[in-house]
Q: 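The structure under discussion is supplied below as structure tokens; questions concerning it will follow.
What you see below is based on every heavy atom in this structure, not just the backbone, and it leaves out hydrogens, waters and symmetry mates. Throughout, a chain's letter reflects where its sequence line sits, starting with A, and its residues are numbered from 1.
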Amino acid sequence: MKDGIYTIAENSLIAAGVYKLRLVGDVSEIRKPGQFINIRLPGFYLRRPLSVCDVDHGAGCVTVVYKVVGKGTQALSQLGTGETLQVLSGLGNGYDVSVAGDKPLLIGGGAGVPPLYFLAKTLKDMGKDVAVVLGFNTKDEVFLEKEFRALGCRVTVTTVDGSYGVKGFVTDALPAAYSCFYTCGPEPMLKAVWKTAQTGGQFSLEERMGCGFGACMGCSCRTKTGYKRICKEGPVFNKEEILWED
Amino acid sequence: MGGLSVDLCGIRLDNPVIPASGTFGYGYEFAAYYDINVLGTFSFKGTTREPRFGNPTPRIAECTAGMINAVGLQNPGVDQVIREELPRLKQCFHKKVMANVSGFSLEDYAYTCEKLDREEQVGWLEVNISCPNVHGGGMSFGTSPDTAAAVVRAVKSVTKKPVIMKLSPNVTDIVAIAVACEKAGADGISLINTLLGMRIDIRTGKPVIANKMGGFSGPAVFPVALRMVYQVANAVSVPVIGMGGVASAEDVIEMMLAGATAVEVGTANLVDPAACLHIIRDLPAVMEKLHMDRLSDIIGGAARNG
């Protein structure tokens, strides 16, 4: 974990309500896909946790992709190139790529898609045959599809309204065979994946956080292996650990 | 550094800065980030007789200059704290620690305090009779002078360590409760715990927090906390620990002028994990600017000055 000042190199609209934010600063603590950073915004008390979409250790730069959902993300979207932000980096456990097997499947929904890009990049670097299924509500909200294709992944996009790609949910478009899955997205999607998936896999969970580094117990969840803090022992959990609470 | 030290119930603190319970875990998350031995001490996560998961999520809501939490005393229970957390803490913290205790009955409080009394590293027992986030316990003991005094007597009968009662601001007359605690034998008073608050999501029309209400804390509550510290410090003769929205060296000095012997820093740790480190680092320069040689001289200064 490291707290530092980062300079905005890019903050641009890439889909309906979705922005790509590239920050230049000390990225040495960002080690694994699935980790997140926690951004302090002027005028807001709590930081905003955002998953790492990409990191370039050589250039000292980290990319996050966020959706405007409230006043905080709205204010973030108004910041321009050259402005600075205070950021805690290197938070959370991240995905375990050692369990991927030869043909890993990545399943992302909406605002849960970004961390899977860093994961796909890592898995491609390891020589894996990576399949990606991305779910969105509608065509205007689709993002990162080209970037996943550019990595050499096999990409399927679904939209709920059928305006782009396969009509339906990600679970309507899962490939027949895969060695392991990794997923991030809204809870109903995660539950559907949990029921449908044929192999072991890893889920990135979300909860409102106070601190983001394990101090406040604001984001605790029950698992089959005890109480866990989503920000600290998570956000990534194995399929076998998860207990869904209704 | 001599100018920063204060005496808290007979134990010397290098400085008056104490991370508050519930914002600092059992210390080691922060020990990985900075040397926590720079602290005066810290108050560990509120500990109960039995393990507790706490409340359902969401437990956190943002506010202007603060936040609401409804964690609900999640903790592994006193036995595991003694078996696992304290030995682990000993590796990274070499000072006396403040043990924060909560309960749902007088027997609970006495049971947990008696166990922690045997722990050498525990310097003080901070007894929480003010948690707003649990039903049938916590705050219900801290809202009447009689029940508050009953908890003091129950705890004092099982420990020789200094007992500091942590009070709730969600009462009509906090001074009456502080005085009752002192009369019953409390060695110190700490205040304030969080103010009961609420947020509603105007899009869904539902409370943001699953438990509906929670404890409001952060810089927004500082003036309320300061006022209560001032009132209580002028009514009791035991040491008072001031807390509530403290986020800077200047805030620490203001709390001490109001009558605090030591100052707890809570919510600030959550937005800046190095908050206490920065406050301790900044104190000497702020004192110099204000021509203060020793912090112990300024305690309660506001009442004397005017």
Q: For the residue pair B/Y33 and A/F213, is the inter-centroid distance of their aromatic rings smaller than 6.0 Å?
A: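 No, they do not, as the ring centres are separated by 6.0 Å or more.
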Q: Name all pairs fulfilling the ring pair (Phe, Tyr, Trp, His ring centres under 6.0 Å) condition that reach into residues 79-98 of chain B, sequence neighbours left out, sorted by first residue then second.
A: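 Qualifying pairs: B/F42-B/F93.
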Q: Would you check if B/P273 and A/L88 make a side-chain contact, meaning some heavy-atom pair closer than 4.5 Å?
A: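 Touching, per the 4.5 Å side-chain cut-off.
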Q: Can you tell which part of B/P51 gets under 4.5 Å to a heavy atom of chain A, answering side chain, backbone, both or neither?
A: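 No part of B/P51 comes within 4.5 Å of chain A.
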Q: Could you grab the distance from atom CG of B/N75 to atom CE of A/M217, nearest 0.5 Å is fine?
A: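 If we round to the nearest 0.5 Å, B/N75:CG and A/M217:CE are 8.0 Å apart.
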Q: If the condition is ring-ring contact (aromatic ring centres under 6.0 Å, His included), which residues does B/Y26 pass it with, not counting sequence neighbours?
A: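 ring-ring contact (aromatic ring centres under 6.0 Å, His included) list for B/Y26, sorted by chain: B/F44.
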Q: When only pairs under 4.5 Å are counted, which of B/A61, B/G66, B/P219, B/P56 shares the most heavy-atom pairs with chain A?
A: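 Among the listed options, the one with the most contacts to chain A is B/G66.
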Q: Taking all heavy atoms of B/F30 and all of A/A215, pick out the closest pair and write down the distance.
A: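 So the two residues come closest at CE1-CB, 3.5 Å.
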Q: Which residues pass the side chain to side chain donor-acceptor pair (under 3.5 Å) test with B/Q74, not counting sequence neighbours?
A: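 B/Q74 satisfies side chain to side chain donor-acceptor pair (under 3.5 Å) with A/S220, B/R59 only.
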Q: Just checking heavy atoms, which of residues 37-61 of chain A are less than 4.5 Å from chain B?
A: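 The residues closer than 4.5 Å to chain B, in numerical order, are A/R40, A/F44, A/Y45, A/L46, A/R47, A/R48.
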Q: Taking only Lys NZ, Arg NE, NH1 and NH2, and the carboxylate oxygens of Asp or Glu, determine whether B/E62 and A/K71 approach each other closer than 4.0 Å.
A: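 The answer is no: the pair does not qualify as a salt bridge.
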Q: Quick check on A/K224: does its NZ atom have over 12 non-hydrogen neighbours (other residues, nucleotides or ligands) under 6.0 Å away?
A: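 Yes, because the 6.0 Å sphere around NZ of A/K224 holds more than 12 heavy atoms from other groups.
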Q: Counting only non-hydrogen atoms closer than 4.5 Å, does B/N269 touch chain A with its backbone (N, CA, C, O), its side chain (CB onward), both, or neither?
A: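 Contact with chain A: backbone only.
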Q: Just how far is it from atom SG of A/C216 to atom CD1 of B/I60, taken to the nearest 0.5 Å?
A: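 Interatomic distance, A/C216 SG to B/I60 CD1, rounded to 0.5 Å: 4.5 Å.
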Q: Quick one: CE on A/M209 to CG on B/L270, what's the gap to the nearest 0.5 Å?
A: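 It comes to 13.0 Å.
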Q: List the steps, then state whether side-chain contact (heavy atoms from CB on, under 4.5 Å) holds for A/R208 with B/V208.
A: CA-CA 10 Å; A/R208 273 176 188 267; B/V208 173; 3.7 Å; yes
Q: Rounded to the nearest 0.5 Å, how far apart are SG of A/C211 and CZ of B/F24?
A: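 CZ of B/F24 is found 11.5 Å from SG of A/C211.
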Q: Which region of B/T267, side chain (C-beta onward) or backbone (N, CA, C, O), has a non-hydrogen atom less than 4.5 Å from a non-hydrogen atom of chain A, or is it both or neither?
A: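 Looking at B/T267, backbone and side chain both touch chain A.
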Q: Restricting to non-hydrogen atoms, name the atom on B/R203 and the atom on A/V69 that form the minimum distance, rounded to 0.1 Å.
A: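 Heavy-atom minimum between the residues: NH1-O, 2.7 Å.
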Q: Please identify, among B/A32, B/A70, B/A65, the residue contributing the most non-hydrogen atom pairs under 4.5 Å to chain A.
A: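 Top option by heavy-atom pairs under 4.5 Å: B/A65.
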Q: Report the option among B/G72, B/C63, B/G25, B/P58 that has the most heavy-atom pairs separated by less than 4.5 Å from atoms of chain A.
A: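 Most heavy-atom pairs within the cutoff with chain A belong to B/P58.
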